[in-house]
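A note on names: the letters A, B, ... follow the listed sequences, proteins ahead of strands, and every chain is numbered from 1. Since this is a predicted model, take the numbers as computed values, not measurements. The basis for the numbers below is simple: all heavy atoms, side chains too, and nothing from hydrogens, waters or symmetry mates.
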There are 2 protein chains.
Amino acid sequence: MTSVRAPRRRLEPDERREQILRCAIRLFGERPYAAVSTTEIAAEAGVARGLVNHYFGTKRELYLVVVRQMLRVPSSAATALPRGSLRTRVQASVDWFLDSVSPHARTWVAVIGTEGVGSDPDVEAILAEADEVAVDHVLAAVGLDGTAAGHEQRRAMIRAYGAMVKAATREWSVRGTLSRDELRLLLTQSLVSLVRDTFPHLPK
Amino acid sequence: MTSVRAPRRRLEPDERREQILRCAIRLFGERPYAAVSTTEIAAEAGVARGLVNHYFGTKRELYLVVVRQMLRVPSSAATALPRGSLRTRVQASVDWFLDSVSPHARTWVAVIGTEGVGSDPDVEAILAEADEVAVDHVLAAVGLDGTAAGHEQRRAMIRAYGAMVKAATREWSVRGTLSRDELRLLLTQSLVSLVRDTFPHLPK
DNA sequence: CAAGTTGTTGACGCCGCGCCAATAGCGTCC
DNA sequence: GGACGCTATTGGCGCGGCGTCAACAACTTG
(Lines give C-alpha, C1' and ligand atoms only; values in the text may rest on other atoms or scores of the structure.)
Protein backbone atom coordinates (compact mmCIF):
# COMPACT_ATOMS: atom_id res chain seq x y z
CA MET A 1 0.00 0.00 0.00
CA THR A 2 1.94 2.94 -1.29
CA SER A 3 0.38 6.01 0.24
CA VAL A 4 -0.11 8.63 -2.41
CA ARG A 5 1.31 11.73 -0.85
CA ALA A 6 -0.83 14.75 -1.45
CA PRO A 7 0.78 17.12 -3.95
CA ARG A 8 2.68 19.92 -2.27
CA ARG A 9 0.46 22.95 -1.99
CA ARG A 10 1.57 26.49 -1.57
CA LEU A 11 -0.42 28.70 0.79
CA GLU A 12 -0.36 32.28 1.96
CA PRO A 13 1.94 32.57 4.99
CA ASP A 14 -0.87 33.73 7.28
CA GLU A 15 -3.04 30.85 6.21
CA ARG A 16 -0.37 28.21 6.71
CA ARG A 17 0.67 29.73 9.98
CA GLU A 18 -2.82 29.64 11.34
CA GLN A 19 -3.33 26.08 10.19
CA ILE A 20 -0.24 24.90 12.04
CA LEU A 21 -1.28 26.94 15.04
CA ARG A 22 -4.66 25.23 15.15
CA CYS A 23 -3.03 21.80 15.27
CA ALA A 24 -0.62 22.94 17.95
CA ILE A 25 -3.46 24.31 20.05
CA ARG A 26 -5.29 21.03 19.90
CA LEU A 27 -2.27 18.88 20.75
CA PHE A 28 -0.91 21.11 23.51
CA GLY A 29 -4.42 21.18 24.85
CA GLU A 30 -4.55 17.44 25.43
CA ARG A 31 -1.01 16.66 26.56
CA PRO A 32 1.76 18.43 28.49
CA TYR A 33 4.46 20.34 26.66
CA ALA A 34 7.12 17.65 26.80
CA ALA A 35 4.77 14.98 25.48
CA VAL A 36 4.05 16.84 22.25
CA SER A 37 6.69 16.82 19.50
CA THR A 38 7.04 19.30 16.70
CA THR A 39 7.21 16.30 14.38
CA GLU A 40 3.73 15.37 15.54
CA ILE A 41 2.41 18.87 15.07
CA ALA A 42 3.87 19.01 11.58
CA ALA A 43 2.45 15.60 10.68
CA GLU A 44 -0.95 16.66 11.96
CA ALA A 45 -0.81 19.70 9.70
CA GLY A 46 0.43 17.59 6.80
CA VAL A 47 3.59 19.62 6.54
CA ALA A 48 7.35 19.22 6.89
CA ARG A 49 8.70 19.70 10.38
CA GLY A 50 11.05 22.43 9.25
CA LEU A 51 8.07 24.59 8.39
CA VAL A 52 7.00 24.73 12.00
CA ASN A 53 10.37 26.21 12.89
CA HIS A 54 10.16 28.54 9.91
CA TYR A 55 6.92 30.08 11.13
CA PHE A 56 7.36 29.95 14.87
CA GLY A 57 11.10 29.72 15.41
CA THR A 58 11.25 27.44 18.36
CA LYS A 59 8.97 24.84 19.84
CA ARG A 60 8.95 26.93 22.96
CA GLU A 61 7.95 30.08 21.07
CA LEU A 62 5.15 28.19 19.39
CA TYR A 63 3.96 27.11 22.80
CA LEU A 64 3.89 30.69 24.02
CA VAL A 65 1.84 31.71 20.99
CA VAL A 66 -0.60 28.93 21.82
CA VAL A 67 -0.99 30.11 25.38
CA ARG A 68 -1.53 33.69 24.28
CA GLN A 69 -4.06 32.61 21.71
CA MET A 70 -6.12 30.58 24.15
CA LEU A 71 -6.36 33.50 26.55
CA ARG A 72 -7.74 35.82 23.90
CA VAL A 73 -11.22 34.58 24.69
CA PRO A 74 -12.99 36.93 27.10
CA SER A 75 -12.08 40.14 25.33
CA SER A 76 -15.66 40.92 24.31
CA ALA A 77 -15.57 44.14 26.19
CA ALA A 78 -17.71 45.45 28.98
CA THR A 79 -21.44 45.22 28.68
CA ALA A 80 -23.13 48.12 30.36
CA LEU A 81 -23.32 47.60 34.10
CA PRO A 82 -26.67 48.06 35.77
CA ARG A 83 -27.13 50.62 38.49
CA GLY A 84 -28.17 49.39 41.88
CA SER A 85 -26.82 47.82 45.04
CA LEU A 86 -23.39 46.25 45.22
CA ARG A 87 -24.96 42.83 45.11
CA THR A 88 -26.92 43.68 41.99
CA ARG A 89 -23.86 44.88 40.14
CA VAL A 90 -21.75 41.93 41.24
CA GLN A 91 -24.49 39.53 40.28
CA ALA A 92 -24.64 41.06 36.81
CA SER A 93 -20.89 40.76 36.35
CA VAL A 94 -20.87 37.17 37.47
CA ASP A 95 -23.65 36.39 35.05
CA TRP A 96 -21.78 38.10 32.26
CA PHE A 97 -18.70 36.06 33.06
CA LEU A 98 -20.62 32.80 33.13
CA ASP A 99 -22.35 33.58 29.85
CA SER A 100 -19.18 34.50 28.04
CA VAL A 101 -17.20 31.56 29.35
CA SER A 102 -19.88 28.92 28.92
CA PRO A 103 -19.31 28.06 25.27
CA HIS A 104 -15.65 27.15 25.71
CA ALA A 105 -15.47 26.61 29.45
CA ARG A 106 -13.49 23.39 29.27
CA THR A 107 -10.90 24.87 26.96
CA TRP A 108 -10.61 27.98 29.07
CA VAL A 109 -10.06 25.91 32.17
CA ALA A 110 -7.41 23.83 30.44
CA VAL A 111 -5.35 26.90 29.74
CA ILE A 112 -5.18 28.11 33.27
CA GLY A 113 -4.85 24.61 34.68
CA THR A 114 -1.97 23.76 36.96
CA GLU A 115 0.95 21.68 35.85
CA GLY A 116 3.16 21.78 38.88
CA VAL A 117 6.74 22.42 39.86
CA GLY A 118 8.97 24.86 38.07
CA SER A 119 6.80 27.44 36.49
CA ASP A 120 7.92 29.06 33.29
CA PRO A 121 8.51 32.81 33.68
CA ASP A 122 7.33 33.64 30.16
CA VAL A 123 4.13 31.65 30.52
CA GLU A 124 3.52 33.26 33.86
CA ALA A 125 3.96 36.69 32.36
CA ILE A 126 1.22 35.96 29.85
CA LEU A 127 -1.14 34.64 32.48
CA ALA A 128 -0.33 37.58 34.73
CA GLU A 129 -1.23 40.03 32.00
CA ALA A 130 -4.57 38.36 31.46
CA ASP A 131 -5.16 38.46 35.21
CA GLU A 132 -4.60 42.20 35.32
CA VAL A 133 -7.21 42.73 32.65
CA ALA A 134 -9.63 40.60 34.65
CA VAL A 135 -8.89 42.61 37.78
CA ASP A 136 -9.71 45.81 35.93
CA HIS A 137 -13.06 44.36 34.94
CA VAL A 138 -13.88 43.39 38.50
CA LEU A 139 -12.85 46.75 39.90
CA ALA A 140 -15.04 48.48 37.37
CA ALA A 141 -17.92 46.20 38.23
CA VAL A 142 -17.79 46.93 41.94
CA GLY A 143 -17.24 50.62 41.30
CA LEU A 144 -13.78 50.99 42.80
CA ASP A 145 -11.79 51.66 39.68
CA GLY A 146 -11.02 55.23 40.65
CA THR A 147 -9.83 54.72 44.20
CA ALA A 148 -6.17 55.07 45.10
CA ALA A 149 -6.00 54.10 48.78
CA GLY A 150 -4.96 50.50 49.38
CA HIS A 151 -4.76 50.11 45.65
CA GLU A 152 -2.22 47.33 45.47
CA GLN A 153 -3.76 45.35 48.29
CA ARG A 154 -7.14 45.47 46.63
CA ARG A 155 -5.74 44.30 43.33
CA ALA A 156 -3.85 41.50 45.02
CA MET A 157 -6.97 40.29 46.80
CA ILE A 158 -8.95 40.36 43.59
CA ARG A 159 -6.26 38.34 41.88
CA ALA A 160 -6.68 35.80 44.64
CA TYR A 161 -10.43 35.93 44.12
CA GLY A 162 -9.71 35.31 40.44
CA ALA A 163 -7.93 32.10 41.33
CA MET A 164 -11.05 30.99 43.16
CA VAL A 165 -13.12 31.85 40.11
CA LYS A 166 -10.92 29.64 37.97
CA ALA A 167 -11.03 26.74 40.41
CA ALA A 168 -14.76 26.99 40.93
CA THR A 169 -15.40 27.19 37.20
CA ARG A 170 -13.33 24.08 36.86
CA GLU A 171 -15.43 22.33 39.49
CA TRP A 172 -18.49 23.18 37.48
CA SER A 173 -17.39 22.55 33.91
CA VAL A 174 -14.87 19.76 34.25
CA ARG A 175 -15.73 17.88 37.41
CA GLY A 176 -19.42 18.57 37.51
CA THR A 177 -19.40 18.89 41.29
CA LEU A 178 -21.18 22.23 41.25
CA SER A 179 -24.28 23.27 39.37
CA ARG A 180 -24.24 26.52 37.52
CA ASP A 181 -26.50 28.08 40.11
CA GLU A 182 -24.23 27.01 42.93
CA LEU A 183 -21.24 28.40 41.09
CA ARG A 184 -23.10 31.63 40.56
CA LEU A 185 -23.96 31.83 44.24
CA LEU A 186 -20.40 31.14 45.35
CA LEU A 187 -18.83 33.71 43.07
CA THR A 188 -21.34 36.41 43.89
CA GLN A 189 -21.33 35.86 47.62
CA SER A 190 -17.56 35.78 47.84
CA LEU A 191 -17.00 38.94 45.88
CA VAL A 192 -19.67 40.82 47.81
CA SER A 193 -18.11 39.70 51.06
CA LEU A 194 -14.67 40.68 49.83
CA VAL A 195 -15.74 44.20 48.95
CA ARG A 196 -18.10 44.78 51.83
CA ASP A 197 -16.36 43.05 54.72
CA THR A 198 -12.67 42.82 53.86
CA PHE A 199 -11.82 45.93 51.87
CA PRO A 200 -12.94 48.36 54.60
CA HIS A 201 -10.16 47.05 56.85
CA LEU A 202 -7.44 48.00 54.41
CA PRO A 203 -5.32 51.12 55.10
CA LYS A 204 -7.09 54.26 54.03
CA MET B 1 43.97 21.93 33.74
CA THR B 2 43.21 18.30 34.31
CA SER B 3 40.34 18.18 36.74
CA VAL B 4 41.02 15.62 39.41
CA ARG B 5 37.88 13.56 39.44
CA ALA B 6 36.77 12.66 42.93
CA PRO B 7 37.34 8.99 43.68
CA ARG B 8 34.26 6.90 43.06
CA ARG B 9 32.39 6.38 46.31
CA ARG B 10 29.88 3.72 47.07
CA LEU B 11 26.81 4.71 49.11
CA GLU B 12 23.78 3.01 50.56
CA PRO B 13 20.96 3.02 47.99
CA ASP B 14 18.66 5.10 50.17
CA GLU B 15 21.36 7.63 50.74
CA ARG B 16 22.28 7.99 47.09
CA ARG B 17 18.67 8.09 46.05
CA GLU B 18 17.90 10.88 48.44
CA GLN B 19 20.95 12.84 47.37
CA ILE B 20 19.89 12.73 43.72
CA LEU B 21 16.36 13.58 44.74
CA ARG B 22 17.53 16.70 46.57
CA CYS B 23 19.30 17.96 43.47
CA ALA B 24 16.28 17.21 41.32
CA ILE B 25 14.00 19.07 43.71
CA ARG B 26 16.18 22.13 43.54
CA LEU B 27 16.51 22.16 39.77
CA PHE B 28 12.87 21.37 39.00
CA GLY B 29 12.00 24.08 41.48
CA GLU B 30 13.75 26.80 39.54
CA ARG B 31 13.03 25.81 35.93
CA PRO B 32 10.22 24.09 34.03
CA TYR B 33 10.37 20.38 33.33
CA ALA B 34 11.64 20.61 29.77
CA ALA B 35 14.45 22.97 30.71
CA VAL B 36 16.02 20.55 33.17
CA SER B 37 18.05 17.62 31.82
CA THR B 38 18.83 14.42 33.62
CA THR B 39 22.44 15.03 32.63
CA GLU B 40 22.32 18.22 34.63
CA ILE B 41 20.76 16.54 37.63
CA ALA B 42 23.38 13.81 37.53
CA ALA B 43 26.21 16.34 37.21
CA GLU B 44 24.82 18.30 40.12
CA ALA B 45 24.87 15.16 42.22
CA GLY B 46 28.36 14.28 40.98
CA VAL B 47 27.14 11.03 39.53
CA ALA B 48 26.83 9.26 36.19
CA ARG B 49 23.62 9.96 34.35
CA GLY B 50 22.75 6.29 34.16
CA LEU B 51 22.41 6.22 37.92
CA VAL B 52 19.48 8.60 37.81
CA ASN B 53 17.61 6.15 35.58
CA HIS B 54 18.70 3.28 37.80
CA TYR B 55 17.06 4.83 40.86
CA PHE B 56 14.07 6.57 39.35
CA GLY B 57 13.46 4.80 36.06
CA THR B 58 12.42 7.66 33.89
CA LYS B 59 12.90 11.41 33.98
CA ARG B 60 9.16 11.70 34.15
CA GLU B 61 8.92 9.31 37.11
CA LEU B 62 11.60 11.26 38.91
CA TYR B 63 9.57 14.39 38.32
CA LEU B 64 6.49 12.81 39.86
CA VAL B 65 8.50 11.81 42.92
CA VAL B 66 9.64 15.41 43.23
CA VAL B 67 6.09 16.73 43.10
CA ARG B 68 4.93 14.21 45.70
CA GLN B 69 7.84 15.05 47.94
CA MET B 70 7.21 18.77 47.87
CA LEU B 71 3.61 18.31 48.88
CA ARG B 72 4.46 16.26 51.93
CA VAL B 73 4.70 19.45 53.99
CA PRO B 74 1.60 20.07 56.04
CA SER B 75 1.13 16.57 57.43
CA SER B 76 1.85 17.66 60.99
CA ALA B 77 -1.62 16.72 62.05
CA ALA B 78 -4.33 18.76 63.62
CA THR B 79 -3.44 20.92 66.52
CA ALA B 80 -6.28 21.02 68.97
CA LEU B 81 -8.92 23.42 67.74
CA PRO B 82 -10.18 25.97 70.21
CA ARG B 83 -13.82 26.07 71.16
CA GLY B 84 -15.71 29.22 70.42
CA SER B 85 -17.46 31.06 67.64
CA LEU B 86 -17.06 30.11 64.00
CA ARG B 87 -14.82 33.10 63.49
CA THR B 88 -12.58 32.08 66.38
CA ARG B 89 -12.12 28.57 65.06
CA VAL B 90 -11.50 29.73 61.51
CA GLN B 91 -9.04 32.32 62.71
CA ALA B 92 -7.11 29.65 64.59
CA SER B 93 -6.95 27.40 61.55
CA VAL B 94 -5.75 30.19 59.32
CA ASP B 95 -3.05 31.05 61.84
CA TRP B 96 -2.01 27.42 61.99
CA PHE B 97 -1.78 27.31 58.22
CA LEU B 98 0.27 30.47 58.05
CA ASP B 99 2.64 29.29 60.74
CA SER B 100 3.23 25.93 59.17
CA VAL B 101 3.69 27.29 55.68
CA SER B 102 5.85 30.27 56.57
CA PRO B 103 9.24 28.54 56.69
CA HIS B 104 9.06 27.24 53.12
CA ALA B 105 6.36 29.43 51.68
CA ARG B 106 8.15 30.20 48.44
CA THR B 107 8.90 26.56 47.77
CA TRP B 108 5.36 25.56 48.59
CA VAL B 109 3.99 28.14 46.21
CA ALA B 110 6.33 26.98 43.45
CA VAL B 111 4.86 23.50 43.61
CA ILE B 112 1.29 24.52 43.11
CA GLY B 113 2.18 27.23 40.62
CA THR B 114 0.52 27.27 37.24
CA GLU B 115 2.33 26.31 34.09
CA GLY B 116 -0.39 26.52 31.55
CA VAL B 117 -1.81 24.53 28.70
CA GLY B 118 -1.91 20.78 28.65
CA SER B 119 -1.92 19.58 32.20
CA ASP B 120 -0.39 16.26 33.07
CA PRO B 121 -2.96 13.79 34.44
CA ASP B 122 -0.49 12.15 36.82
CA VAL B 123 0.63 15.45 38.27
CA GLU B 124 -2.94 16.54 38.64
CA ALA B 125 -3.79 13.35 40.48
CA ILE B 126 -1.10 14.11 43.03
CA LEU B 127 -2.24 17.68 43.50
CA ALA B 128 -5.85 16.55 43.74
CA GLU B 129 -5.00 14.12 46.50
CA ALA B 130 -3.27 16.84 48.49
CA ASP B 131 -6.29 19.06 47.97
CA GLU B 132 -8.62 16.47 49.44
CA VAL B 133 -6.52 16.28 52.57
CA ALA B 134 -6.65 20.04 52.86
CA VAL B 135 -10.42 20.01 52.44
CA ASP B 136 -10.70 17.53 55.30
CA HIS B 137 -8.71 19.87 57.51
CA VAL B 138 -10.93 22.80 56.67
CA LEU B 139 -14.13 20.84 57.22
CA ALA B 140 -12.87 19.73 60.60
CA ALA B 141 -11.94 23.29 61.48
CA VAL B 142 -15.37 24.68 60.74
CA GLY B 143 -17.05 21.74 62.41
CA LEU B 144 -18.85 20.29 59.40
CA ASP B 145 -16.93 17.06 58.99
CA GLY B 146 -19.90 14.91 59.96
CA THR B 147 -22.55 16.41 57.75
CA ALA B 148 -23.84 14.52 54.75
CA ALA B 149 -26.27 16.95 53.10
CA GLY B 150 -24.80 18.88 50.19
CA HIS B 151 -21.57 17.08 50.87
CA GLU B 152 -20.06 17.21 47.42
CA GLN B 153 -21.00 20.81 46.84
CA ARG B 154 -19.40 21.84 50.09
CA ARG B 155 -16.19 20.03 49.26
CA ALA B 156 -16.12 21.55 45.80
CA MET B 157 -16.53 25.04 47.19
CA ILE B 158 -13.78 24.49 49.72
CA ARG B 159 -11.50 23.27 46.96
CA ALA B 160 -12.20 26.53 45.21
CA TYR B 161 -11.47 28.38 48.43
CA GLY B 162 -8.22 26.41 48.56
CA ALA B 163 -7.25 27.83 45.20
CA MET B 164 -7.75 31.30 46.62
CA VAL B 165 -5.58 30.36 49.57
CA LYS B 166 -2.80 29.34 47.23
CA ALA B 167 -3.07 32.47 45.13
CA ALA B 168 -3.25 34.77 48.13
CA THR B 169 -0.27 33.07 49.77
CA ARG B 170 1.58 33.64 46.57
CA GLU B 171 0.70 37.32 46.62
CA TRP B 172 2.16 37.53 50.08
CA SER B 173 5.29 35.41 49.86
CA VAL B 174 6.38 35.84 46.26
CA ARG B 175 5.00 39.16 45.08
CA GLY B 176 4.92 40.94 48.40
CA THR B 177 1.68 42.69 47.51
CA LEU B 178 -0.06 41.65 50.71
CA SER B 179 1.18 41.82 54.28
CA ARG B 180 0.78 38.81 56.45
CA ASP B 181 -2.00 40.52 58.37
CA GLU B 182 -3.87 41.34 55.19
CA LEU B 183 -3.51 37.78 54.03
CA ARG B 184 -4.79 36.55 57.38
CA LEU B 185 -7.76 38.88 57.15
CA LEU B 186 -8.62 37.81 53.62
CA LEU B 187 -8.44 34.10 54.33
CA THR B 188 -10.41 34.31 57.55
CA GLN B 189 -13.10 36.60 56.23
CA SER B 190 -13.62 34.58 53.07
CA LEU B 191 -13.96 31.26 54.82
CA VAL B 192 -16.33 32.65 57.42
CA SER B 193 -18.44 34.16 54.69
CA LEU B 194 -18.40 30.90 52.77
CA VAL B 195 -19.64 28.86 55.71
CA ARG B 196 -22.04 31.41 57.11
CA ASP B 197 -23.54 32.98 54.01
CA THR B 198 -23.10 30.51 51.17
CA PHE B 199 -23.40 27.03 52.65
CA PRO B 200 -26.90 27.62 54.07
CA HIS B 201 -28.22 27.99 50.53
CA LEU B 202 -27.11 24.52 49.51
CA PRO B 203 -29.70 21.73 49.23
CA LYS B 204 -30.51 20.16 52.54
C1' DC C 1 43.51 -12.48 50.66
C1' DA C 2 40.09 -14.52 47.34
C1' DA C 3 35.45 -14.56 45.95
C1' DG C 4 30.93 -12.73 45.87
C1' DT C 5 27.70 -8.87 46.00
C1' DT C 6 25.97 -4.87 44.12
C1' DG C 7 26.44 0.20 43.62
C1' DT C 8 28.22 2.68 39.68
C1' DT C 9 29.96 3.72 35.28
C1' DG C 10 30.34 4.67 30.21
C1' DA C 11 28.87 3.93 25.72
C1' DC C 12 25.43 2.59 22.24
C1' DG C 13 21.04 3.47 19.67
C1' DC C 14 17.21 6.19 19.08
C1' DC C 15 14.65 10.29 18.66
C1' DG C 16 13.47 15.28 18.94
C1' DC C 17 15.02 19.87 17.93
C1' DG C 18 17.13 23.97 15.27
C1' DC C 19 19.31 25.12 10.99
C1' DC C 20 20.13 25.67 6.14
C1' DA C 21 20.82 24.83 1.35
C1' DA C 22 18.17 22.90 -2.31
C1' DT C 23 13.59 22.37 -4.47
C1' DA C 24 9.32 23.45 -6.55
C1' DG C 25 4.67 26.01 -6.48
C1' DC C 26 2.70 30.12 -8.34
C1' DG C 27 2.41 34.70 -10.27
C1' DT C 28 4.49 37.85 -13.87
C1' DC C 29 6.27 39.62 -18.09
C1' DC C 30 7.54 39.31 -22.74
C1' DG D 1 2.26 30.04 -23.65
C1' DG D 2 6.91 29.60 -22.22
C1' DA D 3 10.78 31.48 -19.53
C1' DC D 4 11.83 33.87 -15.28
C1' DG D 5 11.86 35.19 -10.38
C1' DC D 6 10.08 35.12 -5.89
C1' DT D 7 9.38 32.57 -1.87
C1' DA D 8 6.82 28.86 0.42
C1' DT D 9 8.27 24.36 1.40
C1' DT D 10 11.10 20.44 1.79
C1' DG D 11 14.64 17.07 3.43
C1' DG D 12 18.74 16.08 5.57
C1' DC D 13 22.70 17.34 8.76
C1' DG D 14 24.52 17.91 13.48
C1' DC D 15 23.78 18.21 18.20
C1' DG D 16 22.12 16.89 22.42
C1' DG D 17 18.89 14.44 25.66
C1' DC D 18 16.93 10.00 27.06
C1' DG D 19 16.67 4.84 28.22
C1' DT D 20 19.27 0.52 28.28
C1' DC D 21 22.76 -2.68 29.29
C1' DA D 22 26.97 -5.06 29.93
C1' DA D 23 31.25 -4.27 32.16
C1' DC D 24 33.67 -2.43 36.19
C1' DA D 25 35.08 -1.63 40.86
C1' DA D 26 34.07 -0.56 45.89
C1' DC D 27 33.04 -2.83 49.79
C1' DT D 28 31.77 -7.19 52.45
C1' DT D 29 32.28 -11.80 53.85
C1' DG D 30 34.59 -16.23 54.58
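The distance between atom NZ of A:Lys59 and atom P of D:dG17, rounded to the nearest whole Å, is 14 Å. Here the C1' atom of nucleotide C:dC15 and the CD atom of A:Glu40 are 13 Å apart, to the nearest Å. The distance between atom CD of A:Glu12 and atom C1' of C:dG27, rounded to the nearest whole Å, is 11 Å. As a whole-Å value, the separation of A:Tyr63 OH from C:dG18 C1' is 20 Å. Here the P atom of nucleotide C:dG16 and the OH atom of A:Tyr33 are 14 Å apart, to the nearest Å. In this structure, B:Ile41 places its CD1 atom 19 Å from P of D:dG16, rounding to the nearest Å. Rounded to an integer number of Å, the gap from B:Glu18 CD to C:dG7 P is 16 Å. The interatomic distance linking B:Gln19 (CD) with C:dT8 (C1') rounds to 12 Å, in whole Å.
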Review point. Checking side chain to side chain donor-acceptor pair (under 3.5 Å) for the pair B:Thr177/A:Glu152: CA distance, chi angles, key distance, verdict?
Key: CA-CA 6 Å; B:Thr177 46; A:Glu152 266 315 309; 5.5 Å; no
Protein and nucleotides 3-6 of chain C: nitrogen or oxygen contacts under 3.5 angstrom:
{"residue": "C:dT6", "atom": "O4'", "partner": "B:Arg10", "partner atom": "NH2", "Å": "3.3"}
{"residue": "C:dT6", "atom": "O2", "partner": "B:Arg10", "partner atom": "NH1", "Å": "3.2"}
{"residue": "C:dT6", "atom": "O2", "partner": "B:Arg10", "partner atom": "NH2", "Å": "2.9"}

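Here the straight-line distance linking atom CG of B:Leu21 with atom CG of B:Leu62 works out to 7.0 Å at 0.5 Å rounding. Separating the CD atom in B:Glu132 from the CD1 atom in B:Ile158 is a distance of 10.0 Å, to the nearest 0.5 Å.
Nucleotides of DNA chain D nearest to B:Ser37 and B:Arg9 differ in position, and the one nearer the 5' end is that of B:Ser37.
B:Arg180 and B:Asp95 get closest at one heavy-atom pair: NH2-O, 4.4 Å. The two atoms that bring B:Glu15 and B:Leu11 nearest to each other are OE2-CD2, 3.8 Å, heavy atoms only.
Side-chain atoms of B:Arg16 and B:Gln19 form a donor-acceptor pair, as typed in the model, at a separation below 3.5 Å.
A salt bridge is absent between B:Glu12 and B:Arg17; no separation between the charged side-chain nitrogens and carboxylate oxygens falls under 4.0 Å.
Taking side-chain N and O atoms only, B:Arg8 has no distance below 4.0 Å to OP1 or OP2 of C:dG7. Listed pair A:Thr38 / C:dG16 fails the phosphate criterion, with no side-chain N or O lying under 4.0 Å from OP1 or OP2.
Shown for residues 42-55 of chain B: residues whose heavy atoms fall under 4.0 angstrom of DNA chain D, namely B:Arg49, B:Asn53.
The aromatic rings of B:Trp96 and B:His137 stand perpendicular to each other, their planes meeting at an angle above 60°, with 30° marking the opposite boundary.
Taking the six-membered ring for Trp and the full ring otherwise, B:Phe28 and B:Tyr63 have centroids separated by under 6.0 Å.
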